[in-house]
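Protein chains get the first letters and strands the later ones, always in sequence-line order, with residue 1 at the start of each. Quick caveat, the model's predicted, so the values are computed rather than measured.
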Amino acid sequence: MSLLDRKLLRDLRALKSQALAVALVMACGLAMMIMTRSLILSLDTTRDTYYRENRFGEVFARLKRAPNAVREQLVAIPGVAAVQTGIAIQVTLDVPGLPEPAVGLINSLPERGEPVLNRPYVRAGRLPLGRTTRGELAVGEAFAESHGLKPGDTLAAILNGTKQTFRLSGIVLSPEFVFEAPPGAALPDNKTYGVFWMPYKELATAFQLYGAFNNVSLTLAPGASEGEVIAAVNRVLAPYGARGAYGRSHHPSHRRVDDEIRVLQGLSVAFPLVFLSVAAFMTNSVMSRQIALQREQIAMLKACGFSNAQVGAHYFKFSLAIVFVGVGLGAVGGIVLGHRLVEMYHLFFRFPQLDFVLDSRVLVAAAGVSALAAFAGVAGAVRRAVRLPPAEAMRPEAPASFRPALIERLGGARWFTASFRMALRNIERRPVRSGLTCLALALATGILIVPNSFRDGVTYVIDFQWDIVQRQTVTLTLVEPGPARAIADFRHLPGVELAEPFRYVPIELRAGPVMRRLNLQGLPARGTLSRVIDAEPRQLTLPAHGIVISAKLADILHVRPGDEVIAKVLEGRERELSVPIVGLAEDFAGMAAYMELHALNRLLLEGDRISGAHLVVNAGLWPDFLAAVKNTPRAAGCVIKNSIRDGFRKTTAESIGLLQNMYLVFATIVAFGIIYNSARISLSERARELATLRVLGFSRGEVGAVLVGELVLLTLVALPLGLLIGSGFAKVILASVNTETVRLPLVLTASNYAFAVLVVALASALSALFAARKLADINLVSALKALD
Amino acid sequence: MTAAPASPLPPPPAPAAAREPIFHVRDLARVYGEGTAAVTALRGVDLDLFRGELIVLLGASGSGKSTLLNQLGGLDSPTHGTLFYRGWNLGTADEAGLTHFRRDAVGFVFQAYNLIPSLTARENVALITEICRDPMAPEDALELVGLTPRMDHFPAQLSGGEQQRVAIARAIAKRPEVLLCDEPTGALDVHTGITVLEAIERINRDLGTLAVIITHNAILADMADRVFTLSDGRIINARTNARRGSVRDLAW
Ligand SMILES: Nc1ncnc2c1ncn2[C@@H]1O[C@H](COP(=O)(O)OP(=O)(O)OP(=O)(O)O)[C@@H](O)[C@H]1O
Ligand SMILES: [Mg+2]
C-alpha cells in the first residue's frame, strides 16, 4: 500500500460519519434504481416465460355464438398461427362462508388434450377430468386463496338458471388472468370475483352452446400484421355477434402489468436522479472542505514532485470509497425493498412463480452513475486545489471577507442579534452552497408529499365513487339483457327499498384514428343511485339525445362536448352510429360512457330492455335478500358496494403503506445527512471562531445555536419550498401514473403538509444536535494559539 | 440549548475589601499527559493579584506563561494546588461555572485577535455585550480604543492593530474584573503595538481592571506594577516597580 493510500485510509476514518451520510443518501437513490430495474426485469422475464410456456394468445375476440366449424375459417386467415376456441361465461356463485353471491367467469377446457392456447398452470390438484367425472371445477388461485379453498372443497354455481354443486379439482393460474379482476376494475376484488375452468362439454351443455364457441384466442405467424388479422377475424365473426377482436395491448390483464412496468420505468430514472444529485452536492462539500484543510499537504505533495493527476486521483479515490459503500448499501436496500415489493405484487399479479431477480447489469450501471456523481462532486474542488501554485498553498487561506446581508442592506438590520447576523452573512457568503443545501432539504420535504397525496387521493376516490357516484347497496345483473319489467321482480326481493334499472352495451367508441372499447351505460335521466357526476362535482342530467363520456376518455379521443363520435355497438345486431357528446363525467376508475336509458334503447332498436338494476336494500333484511338473490336464476351477477369498497381500501392501504414507509426513510436519510454534513463542515470551518466564542463566555448551548443558526434559517426556507416542490412532484407523478384503468386526483391536505414539515424538521433538529455533540471536542486553548 | 445557570460568582467587592486579592494562587501545578510522556508546564506557582494592578509575565518560550494565563482565565483546570478567584474556588469549578466566570469576569486578548470575520467591529463587541451582566455600549468601548471612525468595518477591512484594538474593546466592554492578554502585540509592528498597549493601560488605569500581559519584550516590564519571570514552569523572579512608566516613555 502506498503511503498516499495509507493517508487516504486515515482521512477516511476521520471523516467516517460524514462519508457515511453521503453514502446513505447515495444508497437511497441506488436502492430505488436497483429495485425498480430489477422489478422490471422480474416482471418482464417472468411474464415472457409464462406467456411462452403457457402459450398466451395474441389476438382475442368474444362473440355471442358461432358453430365450431367457423374455427376452420379462423385458422385459414393468413398470418394466424394457432387458434383456440371455447366458451367463457359469467355465472353467480354461492361460496360457503360468503354471505353475498360472487361472480365467476367460467372458461371451457377442450374435450381432449391440453388447450392449444392459454394453457392453465396447475398449482394444486389437477384439472377437471371431464370424460370420467362430472361436476368438477378448477378455480383461479386468487379467488381460492381469498376464500381458503382447497382441492376437494365444494362450491355452488348457478348455471343458466340451475344451481349446481361442484367439487374443486384443483387450483390453477392462467396467462389470461395474471391480473384476476372483473373487466374494467382497477384493483382486484378476489372475494367476489373469480375465474374457473370446466370441461367444454359440461359447460356448453348447461348453456345450450354445445357445438359452438363464444370466445377465441389466436396467435400470429411470425411477421404477420396484427391489424390485418384483427380485421379478418372481425369479418369472419361478424355474423356471430362478435364484439370486435383486439390485440394484447388491449387485453386487460396484459395491460395492467404494462402499466406497472411503465410506472417502474419512470421511478427508475427520476428517483436516482434526485438522490444522486444530492449525493454529488454532498460529496462536493465534504471534499471541498477536506481539500481546504489539506492545502498545505497538497502544496507539499506537489513541491515534492507529485503530479496534478496523482493528487487529483488521490482525492477521487476518497470519493470512490464513498461510492463503494453507497453501492453496497444501495444494493442491499434495493434487494430488500425489491423482495417486499414482489410480495406486494402477489396481491395484484398471479404468476406461477414471481421471484425477485436482481438485474446484475443495473449493479454495474449503479456503480457507474454513482461514480460519475461522485466525480462530478469532487472534480471542481480537486481542480481548484491542484491549480494552486505550491508557494501559495503553503500560506494559510486569506481571511474570509464578509459584508452585510441583503436584508440588512435593505434596512432590516436593527432588530437582528449578532448571532443572527452571523448566520445571515454566512449564508450569503456562500450562496451556491446555501442554495443547494436548501434545495436538498426541500427535496426531502417534497418526496414526503407524494405517497401521502396518493393516500389522500385514494380516500377521495373511494368517497367520491361510493358516496357520490354509486349510492346503491348492491347491483344485480341479469344473465342476458331482459325486458324492462324484470325491474318489478327485483323490487319484490326482500328488503329492496329502491330499484333503478340500467343497461350495459359493449361498444367501440371512435373519433378519428383513436378507438376504445367499453361498456355504454344506459341510466335513468337523473337517477338517485348510480349517478353521472361532473368535475364540480355536480350531478348531470342525461339528455334525451347524445352521450356523456369520462373526461379522461374525451382526452384520449381528443374530443370535446359538441363533437360527434362513432359508436359501434358490439352486441346483437352490429351497428355504427354517430352520436354527439353532450357532457363530460368525472370518474377515476376505467372509462365510461353514459346515455339516457330510453335513448339508448331507441338507438339499439331493441325496445325497452335492461341489463340489471341498482338497488338499495334495507339493512335489517339483508340476509334474506342475499339468500333470495343466491337462488334467483335470472341474476347472473351481484356486486355489493361495501365489499368492493373494503377490498379496494385494503389493497391500496397495503401498497401505499409500503410506499409511505419507503419515502419516509428516504426523506429522513436525506434531511439527516444534509444537515449533519453541513453542521460538521461549518464546525470544521469555524472551529476557531466557535472556540473563541466559548473563551469569551458563550455556553456550549449558545455556541451550538450559533453553529446551527444558519441551518435553522435554511431549513425554514426549505420547508415551504419543499411543500411547493412536493406538490409539483405529486402532480407530475400522478399524471404519469394515471392510466386508463386507474386515475387519482391530486389531493393535497394540510395534514399531509404538516406531516412532511414535522418529519424534516425533526430529522434536521436531531441531526443538528447529533453534530453539535462534536462541540464538546473543541479545544478552548487552541483558540488562543496564534495562527501559524 | 442550555443557558448558563445563575452566576455562582461572588458579588462585586465592597470598597473595604479592595485589598483582598482577586486571584489567590498557591502551589499551582499543571501537568500535561501521563507517565513518561508527562510534561510539567507549571509547578509550585504562588501568586496574589490585586485590583487595578498591571502585571507583566516574562519568560522563554515554553516556560509556562500561556499555561498560567489559561489557568487564571478558567480555560483549563490545575492538576494540583489551589486557585481562587475572589474566594471562589476556580480550580474545582464545573463547566457552567467556568462559562459564567469567563462571561462576566474575564476579558481575553489574543495574539491572533480572534475576531468573528462575519461581524463588523461594532458587532463583534455587541456579540459580547448581548450576553453579559452590566456591559458598556459597544460604541463606548470602541471609543476607548480610538476606533470610533472604523466601527462599521469588517475584520478583513481593518489593519492588524485596528483588529487588535477591536479585540480589546470586545474584552473590556463587559467591564471585566480581569483583562488577560497573551502576547497582544506579538503580531504587530512597534508603532501599532504602542497604540494597543496604550489602550490596555488606559483601561487598567481608568476602570481599575486587573491586567495581565504576556510578552517577550522585556522593555514592556517598565509599564507594569509588578513583573513575574517564569522559567520551566516556576516563577523565578518577582519584581515590583516603584514607579510605573507610561507606554510612550518606554525605551523602545
Ligand atoms: N496541551 C498541551 N499538551 C502538552 N503539553 C503542553 C500543552 N500545552 C502546553 N504544553 C507544554 O507546556 C509547556 C508550557 O507551554 P506554554 O504554552 O505555557 O509556554 P509559553 O510560555 O506560553 O511559551 P510561548 O512563549 O512559546 O508561548 C511547554 O513545554 C509546552 O510544550
Ligand atoms: Mg504562549
Side-chain angles (χ1 to χ4, degrees), chain A residues 396-405 408 413 416-430 682 685-686 688-710 712 765 768-769 772 775-776 779-788, chain B residues 1-5 66-67 69-70 73-76 95-96 98-120 122-133 138 152 154-158 163 167 170-171 173-174 176 180 182-183 186-187 214:
Chain A
E397 243 178 313
S401 47
F402 282 86
R403 59 178 193 159
E408 298 177 88
F416 301 156
T417 65
S419 2
F420 186 71
R421 286 173 200 205
M422 284 162 73
L424 276 183
R425 292 172 193 173
N426 274 309
I427 288 173
E428 247 195 61
R429 202 171 79 84
R430 295 180 178 274
S682 343
E685 285 175 346
R686 297 164 70 186
R688 190 181 178 82
E689 183 178 318
L690 298 173
T692 304
L693 290 176
R694 289 282 285 130
V695 169
L696 293 176
F698 276 57
S699 69
R700 203 176 284 168
E702 284 162 339
V703 173
V706 169
L707 174 69
V708 301
E710 201 178 318
V712 170
L769 278 181
L775 275 174
N779 183 352
L780 300 195
V781 175
S782 72
L784 297 159
K785 293 234 171 83
L787 288 168
D788 303 315
Chain B
M1 302 293 113
T2 55
S66 296
T67 306
L69 201 77
N70 294 346
L75 295 180
D76 192 17
E95 178 62 45
L98 288 176
T99 296
H100 247 292
F101 168 66
R102 291 197 300 267
R103 172 179 297 197
D104 291 325
V106 189
F108 280 98
V109 178
F110 316 94
Q111 181 178 352
Y113 328 134
N114 290 47
L115 297 180
I116 309 294
S118 58
L119 296 179
T120 62
R122 190 211 305 254
E123 290 162 351
N124 260 287
V125 179
L127 182 68
I128 302 310
T129 58
E130 274 170 14
I131 60 163
C132 61
R133 230 169 16 194
D152 289 319
F154 283 90
Q157 301 163 327
L158 297 172
Q163 288 186 54
R170 178 177 66 182
K174 62 172 80 160
L180 302 175
D182 195 341
E183 301 183 40
I214 294 181

**Q** Chain B heavy atoms under 4.5 Å from A:Arg694: which part of the residue, side chain, backbone, both or neither?
**A**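 Looking at A:Arg694, backbone and side chain both touch chain B.
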
**Q** For B:Thr67, give me all partners under side chain to side chain donor-acceptor pair (under 3.5 Å), at least two apart in sequence or on another chain.
**A**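 With neighbours one apart ignored, the set is empty.
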
**Q** Under a 4.5 Å heavy-atom cut-off, does chain A meet the side chain of B:Glu123, its backbone, both or neither?
**A**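 Interface part for B:Glu123: both.
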
**Q** Do B:Thr120 and A:Arg425 have side-chain heavy atoms sitting under 4.5 Å apart?
**A**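 Of all side-chain heavy-atom pairs linking A:Arg425 with B:Thr120, at least one is under 4.5 Å.
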
**Q** Taking B:Asn70 for its side chain and B:Leu75 for its backbone only, find out whether a donor-acceptor pair lies under 3.5 Å.
**A**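 No, because the side chain of B:Asn70 does not come within donor-acceptor range (under 3.5 Å) of the backbone of B:Leu75.
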
**Q** With only heavy atoms counted, which part of A:Leu693 is less than 4.5 Å from chain B, the side chain, the backbone, both or neither?
**A**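 Just the side chain, heavy atoms under 4.5 Å.
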
**Q** Using a 4.5 Å cut-off on heavy atoms from C-beta on, say whether the side chain of B:Phe108 contacts that of A:Thr692.
**A**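 The answer is no; the side chains never approach within 4.5 Å.
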
**Q** What part of B:Glu183 gets within 4.5 angstrom of chain A, counting heavy atoms only: side chain, backbone, both, or neither?
**A**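 When you check distances to chain A, no heavy atom of B:Glu183 falls under 4.5 Å.
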
**Q** Side chain to side chain donor-acceptor pair (under 3.5 Å) with B:Arg102: which residues, sequence neighbours excluded?
**A**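 With neighbours one apart ignored, the set is empty.
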
**Q** Heavy-atom distances under 4.5 Å only: say whether B:Ile131 touches chain A with side chain, backbone, both or neither.
**A**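 B:Ile131 touches chain A through side-chain heavy atoms alone.
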
